[in-house]
Amino acid sequence: MPEVSRGPLVGREVELGRLLTLLGEAAAGRPVVALVSGDAGVGKTRLVTELSVEARERGHAVLTGRCAELADTVPYLPLADALRDAAAGPLAGGPLLDALAARPVLSRLLPDVDGGKPPGGDMPGLAQQQLFGAVLGMLSEMAEASPVLLVLEDLHWADRSTRDLVTFLSRALHRERLAIVVTYRTDDMYRRHPLRPVVAELSRLPSVTIVPLGPLDASAMAEHLTSLSGRPLDAAMLESLITRAEGNAYYAEELLAASAAGSELPAGLADLLLARTEKLSPEAQQVLRAAAVTGRRVNDELARQASGLAGPEYDDAVREAVAHQLLVQDDEHGYAFRHALLREAIYGDLLPGERTRLHARLAELLADERRLAEVPGTAAELAHHSLASHDIPGAFAASVAAGREAERLAAPAEAHRHYDLALSLWERVEDPEKLSGMGRGKLAFRSALTAADDGDIPRAVHQLRRLIAFLGEAGSDDPVLFCRASERLSYFLLDIDEDSEAIAAAEAAVDALPEEPPRWERARALATHARALLSMEDVAPARSRAEQALAAARAADAIWVEADSLVTLGQLSEWAGRFEEAVGLFTRALQQARSATVLGVELRAAFQLARAQLESGDLVAASRTAHEGVQRAEDAGVGLAPYGYDLQYVHYLAHYQAGEWVHAQVLADGFATRVTSAAEARLSAMALFLDVARDQAAVAERRTWLQPFFITDHFTEYIGRGLLAEHALWHGDLETAVAEAEATIGASEKWEAGHRLPNAIRPAAVGLCALADQAWQARAAGDAKRASAAAEKASRLVRIAREGAAYPSRPSSVLGVDGRGWLARAEAEWRRAQGDNDPAAWQAVADAFGPVFVYETARSRYRLAEALAEAGRREEAQQELLLAVEVADRIGARPLRSALADLARRARLSERAAPRAAAGRGGAQPGGAAARSPLAGLTDREIEVLRLLAVGQSNREIGAGLFIATKTASVHVSNILAKLGAASRTEAAAIAHAQGLGPPASRNR
Ligand SMILES: Nc1ncnc2c1ncn2[C@@H]1O[C@H](COP(=O)(O)OP(=O)(O)O)[C@@H](O)[C@H]1O
Ligand SMILES: [Mg+2]
């Protein structure tokens, strides 16, 4: 840290206290984000420095990064800064380096490290998601070893990607022992400053606290000035300094320094600062001027060369500036201005010609091949200096280079900005092709792609349309680029639901290139065309295009395009009701995408496969596929990106349906409750499956947080409200149950513009159940009118269920197990609503779900038992009831269990098996609950390893504890994860805890 803190900290007890409390929260596993704001010089840096000292004393790992004024185009500067400092500092060698080493994408931010190539594939934005995920993963991993404090200073100067990263982290944190503290200047935040909306958004998050720093009060200022001067100050003098400094600690320091020199004090801080520099030798002033152009952090070598001074002269000059507290030593590479305000004052005072010359000089120095290659961000800085020195060709070339570098660093916003600048300069330079190494079309294409990566699809669409028009006029002399641009345009148009235009664009892309020679671009265009046709539910042409794409991809040796086409073909087979064929195609797609290491396609294939397996009732395969997919997504840091979170819920649902609720609960516990993004909301809604089926307290909190998303996200509304309907049903609130079920059906309609879909079946059945209860109650009360009104409503719902099952838009598709089960349930409830509680209908429900769907089958048996009892078939009723009770007890389905108890009372059935009968059944399933424990499959050794793992030990520690090699321990751990079906150590530990596996007995050695 370059800061000098001469006096003690004054007047910030409250603010420091708040920050320390937050630090304590973080250490306890409730991550926090603090935004420290205030004017320049008011004491933000000082406060967070004090906080960092205290944090280190408490055993936190502290990472600090700063933004720089000239560098809002340098991607991730503060992050790179924090990592670089930490990697060189006391944290090095510890968990930080391990965490870094495991994530090559991050190493790209450090000088001189080759982090491999960015991820391929064509899911826009994946590279950045991956980087963000890697940062989160790294911080979480470090936070397992010790709490972490991440300080990011001067965020008002941050680049867009850094701002996005801060937002991402603030939202993604849930349990990590992590505190993030950012500072920013409020006096610099003009109305349209890009940080403003970010702060507004962040401040709505529950984990975010704003700590504003106001001016110091008079007594704090008096203390500050007195301790700085080292002796009591004359009262009048003190009074005048306090009045003039307006509670600004830095201003006070400068006033004191100037007044000590005995001269007349100029008005205003900038003049005061300049007056101080004017007392220095001309050489020292020259160094300060060069340094002011270099930036807040001054590289020694650069400043020396820019100052034009010879070695010894330069050293003396620097020494002088340091002695006057204008520069401070930063790290081994250079200096920093004592305060940014000083740099700003000196920079502002440069004569125009002088400023241009210095920028030109710096541009010259930075345009060094080695430096450009080794120090991340150099190209962006070079572009800045070239522009400031009016060197248009230099700025043009550097912007292209900076765009490339930003792409490599997964900072699409900056890449786009650089490319766009280069495009705007295109006509002002001579021989732009040579300078940029690419044609104008190619540059425009890159610019558009980076806009899409940055999430700005409309801008990408706009740019691609212009590019296509430009290429068309140019007589299509670059058909390959025309094809690619049209293909991307189609892909993005699909994204914003402009389906018919998307189809036209894809067609144009295909037509742009001949069949021979085979090219991946054409194959890709065919594949996208197939997908576009899929969106129109146009089955035959989609299939023929997908087949052509497959053949073209093979001919061109483009494995990932082949994989993508296979997924599309799989979907088409599924729609045609050829289920096994679909699974086969998805499986092949997955293997190919994996071998081609194209993550986007791999996750798409994994999701489709796992989903299909789930629907077909192969829960074991579904959970395995999804589990592997989740692991891949999380390793790559894209667990919350599309397909990443989809795989998470398929994994969870597979365990939920199979009645493996310990495991399902562990997964659901990882789904945030305080949701702030659509992806999180979808997962939280999914968690309600268990919360409702177990009647857990979490229902209320999840509902509160989900409600806003019911308006903005139909999928969340569909899942969430459907389960809230069931919740109401279990609690006997029939009105609400019907209303929520209706709303859920409404959500499913919005989702696919008016089409009746199979997903309407489930909410219809839930609504039917509530109506059947109402009708039953009305009949019991002798109210025939109410009974028939309920039956009337029920007839509408059963129609909806049947229409959904028929799937009018895909008549040949076949319902999955879940769909068939719920359809049968809807029919059975429909009969019950009419007073015909038919055992055969309920038996059909249980059969439709089948034994694998443990919970749903038990639920069906409950109704079956009830229907049998009503029909006087008591023995059979007793048998079904016991089967359901056994399951409800085992998995902890409390509402079902109390419904069964109620039924047993009403029908005078027993809730316990007669001893003989129990022995018979018990023999088939030895040990009941114990035999089903997820830990049952582990060997004794693995249990021991799991105990140690569950208390947070590393493989090395486990090895040492059990007297085995680290490698052996790691093999045990992988086996345990596989046997438990756990995606991570944390998940395995949670399963162990949930199963009551205690910590190891302490060993005396
Ligand atoms: N509460 C304080 N007590 C003592 N000195 C302070 C206090 N706040 C700031 N300072 C001093 O004032 C100067 C400017 O503070 P700094 O933290 O750099 O301001 P900011 O980061 O808000 O621009 C530094 O020398 C710092 O040590
Ligand atoms: Mg500061």
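One-based numbering, in listed order, for ligands and for the atoms of each. All of these numbers come straight from a predicted model, not from anything done at the bench.
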Classify the contact between [X] and ligand 1 as side chain, backbone, both or neither, using a heavy-atom distance cut-off of under 4.0 Å.
X	value
Asp39	backbone
Arg46	both
Ala220	neither
Glu153	neither
Glu253	side chain

Distance under 4.0 Å to a non-hydrogen atom of [X]: what atoms of ligand 1 satisfy this?
X	result
Thr45	17 (O), 18 (O), 20 (P), 21 (O)
His224	4 (C), 5 (N), 6 (C)
Arg12	1 (N)

Looking at side-chain heavy atoms only, is the closest gap between Leu326 and Phe337 below 4.5 Å?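 Not touching, per the 4.5 Å side-chain cut-off.
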
What I'd like to find out is whether the side chain of Leu382 reaches to under 4.5 Å of the side chain of Leu372, using heavy atoms alone. yes

Where [X] and [Y] come nearest, the two heavy atoms and their spacing:
X	Y	result
Ala317	Leu309	CB-CD1, 4.3 Å
Ala55	Leu149	CB-CD2, 3.8 Å
Gly214	Val42	O-CG2, 3.4 Å

Hey, is Gly41 one of the residues with a heavy atom under 4.0 angstrom from ligand 1? yes

Could you tell me if any non-hydrogen atom of Gly38 lies under 4.0 Å from any atom of ligand 1? no

Contact check: Ala40 vs ligand 1, nitrogen or oxygen atoms, below 3.5 angstrom: no

Kindly identify the option in Gly7, Pro8, Ala249, Gly43 whose heavy atom sits closest to atom 4 (C) of ligand 1. Pro8

Minimum distance, heavy atoms only, to atom 24 (C) of ligand 1: which one of Glu254, Arg338, His339, Glu13 is it? Arg338

Using a 3.5 Å distance criterion without hydrogens, assess whether the side chain of Glu414 forms a donor-acceptor pair with backbone atoms of Val74. no

Could you tell me whether a side-chain N or O of Glu153 sits under 3.5 Å from a main-chain N or O of Thr183, the two making a donor and an acceptor?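 No, the answer is negative, given that no donor and acceptor are paired below the 3.5 Å cut-off.
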
Decide whether His60 and Glu54 meet the rule of one side-chain donor and one side-chain acceptor closer than 3.5 Å.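 Their side chains do not contain a donor-acceptor pair, so the 3.5 Å distance test is not met.
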
Between Asp39 and Tyr250, do the side chains contain an N or O donor and an N or O acceptor separated by less than 3.5 Å?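 Side chains of Asp39 and Tyr250: no pair found under 3.5 Å.
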
